[in-house]
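Encoded as structure tokens, the structure appears first; notes follow it.
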There are 2 protein chains.
Amino acid sequence: MTRIDDVARLAGVSTATVSRALRGLPTVSASTRDRVLLAAAELGYTVSPSASRLAGGRTGTIGVVVPWITRWFFSTVVEAAESTLHLAGYDLLLYTLGGREHVRKRLFRTADLHKRVDAVMLVATNVQAADFATITRRAIPGVTVSSGTVVPGWPGIRIDDVAAARTAVAHLLSLGHRRVAHISGSPTAELTHTAHVDRRQGYRQELLAAGVTPDPRLDVNDEFTISGGTRATEELLRRGNIPTAIFAACDEMAMGAMSALRLAGLRVPQDVSVIGIDDHALAAVVGLTTVAQPAAEQGRLAATVLLDQLCGQSDESLFTAPLILPTRLVVRESTGPPRGKLEPDRLTTTEAG
Amino acid sequence: MTRIDDVARLAGVSTATVSRALRGLPTVSASTRDRVLLAAAELGYTVSPSASRLAGGRTGTIGVVVPWITRWFFSTVVEAAESTLHLAGYDLLLYTLGGREHVRKRLFRTADLHKRVDAVMLVATNVQAADFATITRRAIPGVTVSSGTVVPGWPGIRIDDVAAARTAVAHLLSLGHRRVAHISGSPTAELTHTAHVDRRQGYRQELLAAGVTPDPRLDVNDEFTISGGTRATEELLRRGNIPTAIFAACDEMAMGAMSALRLAGLRVPQDVSVIGIDDHALAAVVGLTTVAQPAAEQGRLAATVLLDQLCGQSDESLFTAPLILPTRLVVRESTGPPRGKLEPDRLTTTEAG
DNA sequence: CTGAAAGCGCTTACAG
DNA sequence: CTGAAAGCGCTTACAG
């Protein structure tokens, strides 16, 4: 394998000059730079990352931490972040926690992560107060996406989960629904993020504002997945006193709900309306009404903010408050007025009617 | 930051012994090992990856290359591979090509990748003959998942795409369909992988075996995505002479097809049957009949095979032929007999009938 | 603008 | 089983 000395010899300069020329430092004359680049190209030389890291102290790598990668929001964020980071010449080290709390702990409590990456992007991954110390002491730059906690010194990119939930519930209320159920992530299964906490709060706030007392029997927890939505909905049906509408905390749960309702012989939206949050790629296919959030944009922005920090040219306002991206209601076919409002008798609502 | 000398001093041994003890080499006495581990724990010492890599020549990192991460198959493979690799102490460097052919080229043609990772996992990423030389010369271990080409010296994990397609088409034929359309990836949009080539071949083979001549007007290319499936189906409808069944090369395209058909006022399966390949997490939700392939298992197996190679204890049979995992037909609600077979008159097929 | 030299923090023959 | 020493391949003050 060719090394920097080979290039230096061929170009007739020192290794220090090769190093400078290859990295585009301004302290190299144009003619020298050209000679070095030519020599490097001729030898097919690329710098050894290990040596460069050890000597230079920079890894050229960003660590991206996600709870999962198979869920729509996370994969979309990562894909957008990845292309931005690679374009800037950074590598992406992927950590999927997968509910393994000990992995998260090890990541933050030891110097491990810090020695592998120049900066960290935490997606829907909460950091506990005990971790702040580690992060701050090592002064590692970072950014959070869709995170419940604010990490001191790290910008945050997110949507307003409370407001998004209120928008969803307001839509159902405006259609005339009063028995509105909520299915959301469970505190134990979603340890790493807190979107479900905020969304539940928004659900309750909006109901209360409309004079509706939240009914705990209409509030079920499960995983933020399709099957989680299915199970939660089955539980709702099992409890009896079926709601006229279900607000699912994410589109994947909403789709699971639609599936469970259909299996139970209930029609969406004639018997039960369903709304989610996300605007998943499949939401349009299944006609799901939802509150859209810009996932790719959050990934792209987070990567950009991180790169700016590494260049030392961050917008200071980012450090004072999280950057909140807008959400918007997308009405499709899964929501409509409650049955009683239009057709009091189930029999008159068949397709033949 | 504490270094290896700090640990050595505290434990009263040389840095060489610390290095050996920490890596669990057998040439260290139990009592010495304990003393070293205790000292390391007390100082909160973790090895510097950069230094370790430079000195040892190993990176402890696996490069995983995927065309996209937002598609079901790829995210499922990566998530399974990730947990297996991290469990074994390896980091995962993610490269998402995103249709950027130049990224793939740079990755293989230069020594770049080789200097960052110990081994490579290529998911649905083809390698051209010109790349073989680079890979072989550098003798970097690797494994391919769902790859069309066989890389000399690398095991391959995959399904039999031709057979999977034939299973799908055979199901449609057995229901009585003769006008069977195919929607699949386009040669230009899916440069990196070749599943669409094999699946198209299986489609044609099965039709021909049944005495049906493939009609090029029923064969449309687009992206392996939901919207690709939607566009391809719209194109089919635009061409007129609507098929009684559509075989989509993947579930995402199939779901796009279902969506386009519904929008056009056609019912699935009464007017048009739809079948895919994958068994996407949402297939059950939308009632999609499909040929299931084990995505997570392919990721897990590929990671295991790679780790075995790095330990030098690979099963030799893996290098002689790709490991083919089984697929199986999962019949749901999106396929049924063609209309003519049961109900010759469209009017008699309404729900009221 | 350029070079000589130290140093980044480990691992690995080699010798014992 | 253990240690002294070389070396991995760069980058970075420092000096000029």
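The chains referred to below are lettered A, B, ... by the order of the sequence lines, with proteins before strands, and numbering in each begins at 1.
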Going through the checks in order, is the side-chain contact (heavy atoms from CB on, under 4.5 Å) test met by A:T84 and A:L307?
CA-CA 9 Å; A:T84 305; A:L307 293 170; 4.1 Å; yes

Over all strands shown, is B:R53 touching base, sugar-phosphate only, or nothing at heavy-atom distances under 4.0 angstrom?
nothing

If you pin B:G12 and B:A51 to their nearest nucleotides in DNA chain D, which one's is more 5'?
B:G12

Outermost nucleotides of DNA chain D that come under 4.0 Å of a non-hydrogen atom of chain A
D:dG9 to D:dA13

Nearest-angstrom distance, C1' atom, C:dT12 to C:dG16:
16 Å

Restricting to side-chain contact (heavy atoms from CB on, under 4.5 Å), what partner residues turn up for B:P294, sequence neighbours left out?
B:I159, B:E297, B:Q298, B:L325

For A:A51, which residues count as a side-chain contact (heavy atoms from CB on, under 4.5 Å) partner, sequence neighbours excluded?
A:S48, B:L54

Test of understanding: with side-chain contact (heavy atoms from CB on, under 4.5 Å), list the residues that count as partners of A:P49, not counting sequence neighbours.
A:R53, B:K115, B:R116

Qualifying residues under side-chain contact (heavy atoms from CB on, under 4.5 Å), relative to B:A81, sequence neighbours excluded
B:M121, B:A303

Sequence neighbours left out, what passes side chain to side chain donor-acceptor pair (under 3.5 Å) with B:T59? Give chain and number order.
B:D118

With sequence neighbours excluded, tell me which residues meet side chain to side chain donor-acceptor pair (under 3.5 Å) with A:R23.
A:S19

Quick one: list whatever passes side chain to side chain donor-acceptor pair (under 3.5 Å) with A:S317, sequence neighbours left out.
A:D315

In chain order, what residues pass the side chain to side chain donor-acceptor pair (under 3.5 Å) check against A:S147, with sequence neighbours excluded?
A:N126

Near DNA chain D, under 4.0 Å by heavy atom, which residues of residues 25-42 of chain A?
none

Sequence neighbours excluded and cut-off under 3.5 Å, please list the side-chain donor-acceptor pairs for residues 10-18 of chain B, or say none.
{"unit_1": "B:S14", "atom_1": "OG", "unit_2": "B:A16", "atom_2": "N", "d": "3.4"}
{"unit_1": "B:S14", "atom_1": "OG", "unit_2": "B:T17", "atom_2": "N", "d": "3.2"}
{"unit_1": "B:S14", "atom_1": "OG", "unit_2": "B:T17", "atom_2": "OG1", "d": "3.3"}

All stems with DNA chain D, defined as three or more consecutive Watson-Crick or G-U pairs under 3.5 Å
C:1-3 with D:14-16, C:5-12 with D:5-12, C:14-16 with D:1-3

